[in-house]
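I have placed the structure first, in the form of structure tokens, so that the comments after it can refer back to it.
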Amino acid sequence: MLNTNTAKAVIDHALFLGADFAELFVERHHSGSVELLSGDVDKVNSGIDFGIGIRLFFGKKVLYGYTNSLDEEKLKQVTSLLCAKDKRDQIATAGALNFMTGNNRHHASMPFSTDNHVEEKIAYLRRVDAKARAESDKISQIVGRILQREQHVEIFNSTGLHIQDTRHYTRIVSSVVASSGSEQSTGYEAPGMLSGWEFNTQIDPEALGEQAAKQALIKLGAAACPSGEMPVVIGNGFGGVIFHEACGHLLETTSVAKKASVFHDKMGEMIANPVVNAVDDGLMTNEWGSINIDDEGMETQHTQLIKDGRLTSFMVDHMGSLKTGFARTGSGRRESYKYAPTSRMRNTYIEAGNDSFDDMISGIERGIYAKKMGGGSVQPGTGEFNFAVQEAYMIENGKITHPLKSATLISTGPKVLKEISMVGNDFALAAGMCGSVSGAVPTTVGQPALKVDNILVGGGN
């Protein structure tokens, strides 16, 4: 996308002005979406965005700017503006830029740039809509959405790196509202994959519509959730959002380097119950949060964060490595050329254990089964969280009894890690979007079912 001679000239210009490190991140992003509202086509969008991000290091200070121009003089102008306050009397040039071919683990047979498949997507979403509507006459609204995008990136830096990558993303969303009198409840399913439109063959549209509808319906007339400290079983798949938000962010050097994480000085220490093993993995084939290379050009990897309850690694980007001394883990990510990269999660999950779901439930006299988690809020630095439960049930005398509404889980990441006593064998993953200082990036959360011995539950009574 960017002429190599131009890239080298801009990098040399940055080094001439005294930068210790210079990087160009070139991005061409083609995206589109199709949306149906209660069976009717509501939106069909498509667009292309292009730009170049320029990142410079002066010691441990990061300077960043971007432009939509490929012109060498314009790129040098942006670089000069970035260097204006930190310019040094230094003359240096980068070595030759050596193009590298990375290992593509994520094949896409139906990429967005080849065919948008608009009519096929509309037909697919109408099947989702029909099945959801058939579940009950209480279904009052259905939104179906398919998002597909293709991101091509090219990275140059002053170490001589020159590498490219293309990422294909597809996500299918089913959002359902059920109504009864003045009461409303929602259901939501949104699977995603690092692949082309062929992903639709793995997701049955009728099953997707049915799941979202049943989720909405089951909460109509549900009892209010009791409040207080009690044992909770957190369901598999999207239940991993708690680990992601309340613990995962505390293991990124974005917070560790600033000592804004309670785990910043805990490397090698026991931070969780010994049954807990946690991973951040960029290698999983075609998973939503996977990447071939990170947004700094480093090949991704499998990173063991917690092993048998002991902290074994952080997620480390280039600047995070300079600040902390920990080796990079291929975790430098950004939403687009408009953001400088920072350490971010990829596919982050608690690994499967040996306990059965039935054994977890049978051991609880009175507690909550949080089958599916919803959104929430987290306090940066401490990991204090407050998460809504999208689908919850009462556990009484070792049995799941009736559905609940208005359930929330309240605790801290460090505390809840030590309260996990049982880890299930029903591992599953779920797609999501993670927002941080480098924008929103696709991430996967996951876990098997977990038994948390004691956690504060907020409810409606």
Side-chain angles (χ1 to χ4, degrees), residues 1-32 45-58 61-88 90-102 111-113 149-169 291-298 317-319 332-342 344 436-441:
M1 290 183 287
L2 179 64
N3 180 277
T4 304
N5 292 332
T6 299
K8 188 174 188 312
V10 176
I11 289 171
D12 283 346
H13 181 63
L15 298 181
F16 176 80
L17 294 175
D20 298 308
F21 172 82
E23 171 195 82
L24 301 179
F25 179 84
V26 189
E27 178 191 19
R28 183 181 185 274
H29 188 190
H30 190 187
S31 62
N45 297 320
S46 182
I48 297 175
D49 194 13
F50 174 85
I52 301 174
I54 302 172
R55 183 170 63 145
L56 309 175
F57 292 175
F58 281 80
K61 181 178 181 179
V62 178
L63 303 173
Y64 195 78
Y66 62 87
T67 177
N68 304 111
S69 176
L70 287 163
D71 180 70
E72 180 179 320
E73 292 307 312
K74 176 64 175 178
L75 292 165
K76 286 182 176 179
Q77 181 184 357
V78 174
T79 303
S80 296
L81 288 171
L82 292 173
C83 293
K85 291 184 179 180
D86 297 272
K87 181 178 177 182
R88 303 168 178 159
Q90 180 177 332
I91 299 176
T93 59
L97 296 175
N98 298 309
F99 181 72
M100 299 170 56
T101 303
F112 184 63
S113 58
R149 62 191 182 96
E150 185 171 312
Q151 182 193 36
H152 184 62
V153 302
E154 185 173 28
I155 302 166
F156 304 85
N157 72 34
S158 53
T159 69
L161 176 72
H162 176 201
I163 193 166
Q164 297 180 3
D165 190 31
T166 301
R167 297 130 181 202
H168 305 272
Y169 295 97
I291 44 178
N292 289 310
I293 59 171
D294 71 1
D295 292 326
E296 300 179 314
M298 182 178 176
D317 62 317
H318 189 171
M319 180 50 71
R333 303 188 68 192
R334 62 182 109 194
E335 178 180 328
S336 71
Y337 66 88
K338 297 179 182 179
Y339 296 84
T342 56
R344 302 292 297 276
S436 186
V437 292
S438 60
V441 298

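Predicted model only: the values in this text are computed from it and were never measured.
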Inset, instruction - Give a yes or no on whether the backbone of R149 and the side-chain of H30 come within a donor-acceptor separation of less than 3.5 Å. - result: no
Legend entry - Residue pair D71 / S69: nearest heavy atoms and the distance that separates them: N-OG, 3.0 Å
Inset, instruction - Name all pairs fulfilling the salt bridge (charged side-chain N to carboxylate O under 4.0 Å, His left out) condition that reach into residues 154-164, sequence neighbours left out, sorted by first residue then second. - result: none
Legend entry - Qualifying residues under side chain to side chain donor-acceptor pair (under 3.5 Å), relative to E27, sequence neighbours excluded: Q151
Inset, instruction - Report the residues that fulfil side chain to side chain donor-acceptor pair (under 3.5 Å) with Q77, sequence neighbours left out, ordered by chain and then residue number. - result: none
Inset, instruction - Side-chain contact test, heavy atoms from C-beta onward, threshold under 4.5 Å: evaluate it for D165 versus I163 and give yes or no. - result: no
Inset, instruction - Could you tell me which non-hydrogen atom of T166 sits nearest to which non-hydrogen atom of H152, and how far apart they are? - result: OG1-ND1, 2.7 Å
Inset, instruction - Taking the side chain as every heavy atom from C-beta outward, state whether V78 and I52 have any pair of such atoms under 4.5 Å apart. - result: no
Inset, instruction - Please identify each residue that fulfils side-chain contact (heavy atoms from CB on, under 4.5 Å) with N98, with sequence neighbours left out. - result: A96
Legend entry - E296 side, atom CD; R55 side, atom CZ - distance, nearest 0.5 Å: 4.5 Å
Legend entry - Euclidean distance, I11 CD1 relative to F156 CZ, rounded to 0.5 Å: 7.5 Å
Legend entry - Student check: side-chain heavy atoms of I291 and R333 closer than 4.5 Å: yes
Legend entry - S80-H13 side chain donor-acceptor pair, cut-off 3.5 Å: yes
Inset, instruction - Enter the distance from F16:CZ to T79:OG1 here, rounded to the nearest 0.5 Å. - result: 13.5 Å
Inset, instruction - For atom CE of M1, decide whether the heavy atoms of other residues, nucleotides or ligands shown that lie under 6.0 angstrom number more than 12. - result: yes
Legend entry - Rounded distance (nearest 0.5 Å) linking atom CZ of F50 with atom OG of S336: 12.5 Å
Legend entry - Residue list, ring-ring contact (aromatic ring centres under 6.0 Å, His included) with F99, at least two apart or on another chain: H162
Inset, instruction - Return the set of residues passing side chain to side chain donor-acceptor pair (under 3.5 Å) with S31 (not counting sequence neighbours), or none when no residue passes. - result: none
Legend entry - Closest heavy-atom pair and its distance - I54, L82: O-CD1, 3.8 Å
Legend entry - By ring-ring contact (aromatic ring centres under 6.0 Å, His included) - contacts of F58 (at least two apart): none
Legend entry - Non-hydrogen side-chain atoms of D317 and P341 separated by less than 4.5 Å: no
Inset, instruction - Go through the structure and list residues passing salt bridge (Lys or Arg N to Asp or Glu O under 4.0 Å) with K61, not counting sequence neighbours. - result: D86
Inset, instruction - Quick one: pull up CG in D12 and NZ in K76 and give me the separation to the nearest 0.5 Å. - result: 8.5 Å
Legend entry - Set of residues satisfying salt bridge (Lys or Arg N to Asp or Glu O under 4.0 Å) with respect to D295, sequence neighbours excluded: R167
Legend entry - R334: partners by salt bridge (Lys or Arg N to Asp or Glu O under 4.0 Å), with sequence neighbours left out: E23
Legend entry - Exceeds 12 heavy-atom contacts within 6.0 angstrom, atom OH of Y66: no
Inset, instruction - Check for a donor-acceptor pair, side chain of Y64 on one end and backbone N or O of Y339 on the other, with a separation under 3.5 Å. - result: yes
Inset, instruction - Taking the side chain as every heavy atom from C-beta outward, state whether V153 and V26 have any atom pair closer than 4.5 Å. - result: no
Inset, instruction - In sequence, state the C-alpha distance, the side-chain angles, and the governing distance for V10 and L2, and then conclude on side-chain contact (heavy atoms from CB on, under 4.5 Å). - result: CA-CA 11 Å; V10 176; L2 179 64; over 6 Å; no
Legend entry - With sequence neighbours excluded, residues passing ring-ring contact (aromatic ring centres under 6.0 Å, His included) with F25: none
Legend entry - Test salt bridge (Lys or Arg N to Asp or Glu O under 4.0 Å) applied to R28 - qualifying residues, sequence neighbours left out: none
Legend entry - Heavy-atom side-chain contact between L70 and T6 under 4.5 Å: no
Legend entry - Passing candidate, side chain to side chain donor-acceptor pair (under 3.5 Å) with S438, options E335, K338, R344: R344
Legend entry - Side-chain touch L56/C83, heavy atoms, less than 4.5 angstrom: yes
Legend entry - Distance in Å, L15 CG paired with R88 CZ, rounded so as to fall on 0.5 Å steps: 10.5 Å
